[in-house]
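The block underneath contains the structure these notes are about, expressed in structure tokens.
None of these values were measured; they are calculated from a predicted model. Below, chain A is the first sequence line, B the second, and so on; all start at residue 1.
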Amino acid sequence: MRLSLKAASFKASTINGDIAFKINGITQLKPEIPEASGIANYATPQPQGWQAQLDLGFEHQHGKTVLAHRRHLGPLTVQRPFYPEGEVCHVYVLHPPGGVVAGDCLAININVASHSKALVTTPAAGKFYRSEGKQARQRVVLSVAAAASLEWLPQETIVYEGAQVASEVRLDLAVGARFLGWEVLALGRPAAQEGFTSGEIGMNWRIFRAGELFYRERLLIDAGAFAANWGLNGHSACGTLFAYPANAAQLAAVQELIGDSAGRGVTLLDDLLICRALDVRADRLRDFFQDVWRLLRPEVIGREACAPRIWAT
Amino acid sequence: MGTDLSLLRLLQLVSPGLPIGMYSYSQGLERAVDDGWVSTPDAAREWIGGVLQTSMTRVDVPILLRLLSAWQNQDLAAVTHWSQTLTACRETSELRAEDRQTGQALAKLLVKLDMPEAQAWQRQSEATLATVFSLAAVRWGIDPRLAAMGYVWGWLENQVLCAVKLVPLGQVAGQQLLQALAAQIPAQVDAAMSLDDDDIGGSAFGLALASSRHEMQYSRLFRS
């Protein structure tokens, strides 16, 4: 309930100035005309679902990071960027429908140019609803140039029992790029006595370092993998956090933070730190990742933590 | 190449007596036992069987098959490409180190067994066990499908031996586990043979988590 209220308030502010229309009882925004491209590829509601795309380009101009390119098709957009800590550009990605259904396809492309610093988060948890067979797809492409930094910190993704999800993240890191990001999944709705006895989630991460594939993760979570000891061992929340570049001192700091707590682990692959966690509660897992983010941010991104206000509401 | 001799060569390659130190790696199983995730014969069967179906069938075997044909075609660029891909699929530092160390150790051995091509892999950081295993299998004329089954068998036997030591299991329970899981290997290898390049990849979250936790385990017998 708390999350949907937040989503609703953002929907209102986004609608202001844009033309809204209703599809299946849900208010949607009419897509803007793409600025840069000459292709008039309007997203129209398809019988098979929404095709939504958001492209963001951050650049360093006159001493600060600006959102220099912004293009959206269908119901994916951003709020006006703001600067709570000066040079880092904070952006909230909005998905006004508030949830993804079978047949939907969301694409997010973020490009962070040299010397710019961006932090991207979401105002509410993402949701994937039950499907009768069709997949809902999400594809995220993040590119970080030399001497640039990106923080990709979306709130957790809630996957309802019976959802069919294919999610893919591709991260391209140039030499000298900096990145902190995470992905948190909350399966079923434990409060509604839901487990995860049906449905299938494909989660892909590919990380390229200077153009070469450096890390590949491909999780397939179904009822079997949810329950199994080699899978999620019955935990409804799982998450992975990436930090780049990192070193042995930061690895040791995260290990110390973990201490004796169960269900948390961290490793260092060359200069890529990966922290993993399982929990029965997604909020506890999120709090843990925020602690890791606070711990690592000064050295990985070069700034003290400045939590987006939306996390506190 | 005679079929009889190639079978014997395969037995040599997958023997626990092969001096590459396989016995010192548990692939996260030691931590899974320590954390109480694997504490019974059934839980050991669930763990090892799950890793067989996710990682072995979707990562190791399809890549091993590609490495076999790369060596067969003397395509060193493809050997390097698939070795890098396999390394990229290892989710923790210990899993990468294990693959590198056993691959390099096997390369050193093969040089002494008159396979000079192994020389370059003795210190190569992207050496994996599959990289060098596939070289030996091609030079010894082992049929690719049998080579893949042997590779999985070698892995399975080692995992079961780890479970016998760690859980612990009795010797008979260990053999029962081996018998049950080995029966799945032919079908798993056949499934792996039909995977396209785009379908390669299979992570087990619990395995990756246990392996990262093993890296900070206070007291341990195994190197992974």
Side-chain angles (χ1 to χ4, degrees), chain A residues 168 185 187 201-209 212-222 224-235 237-242 248 251-252 254-279, chain B residues 27-29 31-40 42-55 58-59 63 80-82 84-97 125-126 198-218:
Chain A
E168 199 173 313
L185 272 187
L187 303 182
I201 309 164
M203 304 288 295
N204 278 286
W205 269 82
R206 282 180 303 161
I207 301 179
F208 291 80
R209 201 174 53 169
E212 295 217 350
L213 179 66
F214 181 65
Y215 182 74
R216 174 98 171 81
E217 182 175 308
R218 188 177 189 138
L219 282 176
L220 187 71
I221 303 170
D222 56 14
F226 172 71
N229 52 11
W230 53 267
L232 303 190
N233 214 0
H235 294 77
C238 69
T240 308
L241 176 149
F242 299 95
L251 173 71
V254 178
Q255 286 177 336
E256 197 184 320
L257 177 73
I258 291 173
D260 291 331
S261 39
R264 278 104 174 87
V266 63
T267 191
L268 183 67
L269 304 176
D270 272 9
D271 45 5
L272 174 69
L273 179 144
I274 306 179
C275 182
R276 295 184 176 84
L278 273 182
D279 209 303
Chain B
Q27 297 183 357
L29 186 54
R31 186 67 204 224
V33 170
D34 201 60
D35 279 346
W37 300 355
V38 176
S39 55
T40 63
D42 283 349
R45 181 174 172 165
E46 179 178 320
W47 181 274
I48 300 170
V51 178
L52 169 64
Q53 278 179 24
T54 50
S55 302
R58 299 184 157 271
V59 178
I63 291 177
T80 303
H81 169 77
W82 289 111
Q84 285 173 342
T85 306
L86 183 53
T87 300
C89 291
R90 302 289 186 225
E91 299 104 331
T92 70
S93 155
E94 279 190 356
L95 293 173
R96 288 191 181 192
S125 67
E126 271 143 356
D198 288 344
D199 296 327
I200 291 175
S203 305
F205 195 92
L207 168 68
L209 181 61
S211 173
S212 3
R213 289 174 62 71
H214 188 262
E215 292 173 17
M216 56 180 185
Q217 187 166 333
Y218 179 67

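Taking CD of B/Gln53 as the start and CG of A/Leu220 as the end, the distance is 11.5 Å to the nearest 0.5 Å. Within the model, atoms CG of A/Asn204 and OG of B/Ser203 stand 8.5 Å from one another, a figure rounded to the nearest 0.5 Å. Within the model, atoms CD1 of B/Ile200 and CZ of A/Arg216 stand 8.5 Å from one another, a figure rounded to the nearest 0.5 Å. In this structure, CZ on A/Arg218 lies 9.5 Å from SG on B/Cys89, to the nearest 0.5 angstrom. Remark: B/Thr40 OG1 to A/Asn229 CG distance equals 8.5 Å, nearest 0.5 Å. Rounded to the nearest 0.5 Å, atoms CZ (B/Phe205) and CG (A/Leu185) are 9.0 Å apart.
Contact annotation for B/Ala32: neither backbone nor side-chain heavy atoms come within less than 4.5 Å of a heavy atom of chain A. Using a 4.5 Å cut-off between heavy atoms, A/Ile207 does not touch chain B at all. Both the backbone and the side chain of A/Ala228 come within less than 4.5 Å of a heavy atom of chain B. For B/Arg90, the part lying under 4.5 angstrom from a heavy atom of chain A is the backbone only. With a 4.5 Å cut-off on non-hydrogen atoms, A/Leu213 touches chain B through its backbone and its side chain both. Of the atoms belonging to A/Ala252, not a single heavy atom falls under 4.5 Å from chain B. With a threshold of 4.5 angstrom between heavy atoms, B/Asp34 does not approach chain A through any atom at all.
The closest side-chain donor-acceptor pair between B/Glu215 and A/Thr267 falls under 3.5 angstrom.
Cation-pi check for B/Arg96 over A/Phe214 is met; the charged atom lies under 6.0 angstrom from the ring centroid and within 45 degrees of its normal.
In terms of heavy-atom proximity, A/Arg264 sits nearest to B/Met216 at O-CE, 3.7 Å.
Between chain A and the residues B/Gly202, B/Gly201, B/Ala43, B/Gly49, the most heavy-atom pairs under 4.5 angstrom are made by B/Gly201. Note: B/Thr54 leads B/Thr87, B/Val59, B/Thr54 in heavy-atom pairs under 4.5 Å with chain A.
Interface with chain A: from residues 207-214 of chain B, residues B/Leu207, B/Ala208, B/Leu209, B/Ser212, B/Arg213 qualify, criterion being any non-hydrogen pair under 4.5 Å.
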